[in-house]
Student: 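Sending over a structure as structure tokens; questions will come in a sec.
Side chains are part of it too, since the values below use all heavy atoms of this structure and drop only hydrogens, waters and symmetry mates. Counting from 1, the numbers follow the sequence of the chain as shown.
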Amino acid sequence: MAAAAAEPRVFLEVRRRLPSALLIVGEPGDGRLPLDISVTSSSLQMKTPDGCTDLEIPAGVSLVPSSCRGLQYMPGEGLHLRLQARADLSTNFSV
């Protein structure tokens with residue numbers, strides 16, 4: 001029986017004063033990064049040979065995919081992407 005594919009960890013930090021976001025796609029437990037990452041204004045899709053994961057960006061936040069810059073791989077953390085973001089000022093992002 002094959003083991004279930006490890007889901008990648010995702011971290012999104014939205015900065016309201018600077019209309020920017022830091023998106024980190026972490027390495028799954030098996031150490032393999034997603035091979036294909038697609039960012040839209042409202043979602044993130046990660047495809048690996050084992051399957052596909054779709055994540056919705058929180059309500060009140062939208063990303064500007066064409067603004068992606070600063071793409072960097074950090075060993076032990078994963079892939080870092082910097083993007084422009086738009087956040088509704090009335091949205092509370094605390095968890």
Student: Suppose we screen for salt bridge (Lys or Arg N to Asp or Glu O under 4.0 Å). Which residues come up paired with Arg86, at least two apart in sequence or across chains?
Tutor: none

Student: How long is the span from the SG atom in Cys52 to the CD atom in Gln45, to the nearest 0.5 Å?
Tutor: 3.5 Å

Student: Side-chain contact test, heavy atoms from C-beta onward, threshold under 4.5 Å: evaluate it for Leu83 versus Val64 and give yes or no.
Tutor: no

Student: Among all residues two or more places apart in sequence or in another chain, which pass the side-chain hydrogen bond (donor to acceptor under 3.5 Å, both in side chains) test with Thr40?
Tutor: Ser43

Student: Which residues end up grouped with Leu22 if you chain together Ile, Leu, Val, Met, Phe, Trp and Tyr wherever their side-chain heavy atoms are less than 4.5 Å apart?
Tutor: Phe11, Ile24

Student: In Å, rounded to the nearest 0.5 Å, how long is the span from CG of Leu81 to CD1 of Ile37?
Tutor: 6.0 Å

Student: Within this structure, what is the CD1-OG distance for the pair Ile57 and Ser42, rounded to the nearest 0.5 Å?
Tutor: 7.5 Å

Student: Side-chain contact, heavy-atom cut-off 4.5 Å: Met46 with Leu55?
Tutor: yes

Student: Under 4.5 Å between any side-chain heavy atoms of Leu44 and Asp54, yes or no?
Tutor: no

Student: How close do Pro65 and Ser41 get, counting heavy atoms only, and between which atoms?
Tutor: CG-N, 3.8 Å

Student: I'd like to check the side chain to side chain contact (heavy atoms under 4.5 Å, CB included) partners of Arg69; sequence neighbours left out, ordered by chain and number.
Tutor: Arg82

Student: Is Pro58 close to Leu12 at the side-chain level, that is, under 4.5 Å between some pair of heavy atoms?
Tutor: yes

Student: List in chain and number order the residues that pass salt bridge (Lys or Arg N to Asp or Glu O under 4.0 Å) with Glu13, two or more places apart in sequence or in another chain; answer none if no residue qualifies.
Tutor: Arg15

Student: Which other residues end up in the same hydrophobic cluster as Met74, if Ile, Leu, Val, Met, Phe, Trp and Tyr are linked when side-chain heavy atoms come under 4.5 Å apart?
Tutor: none

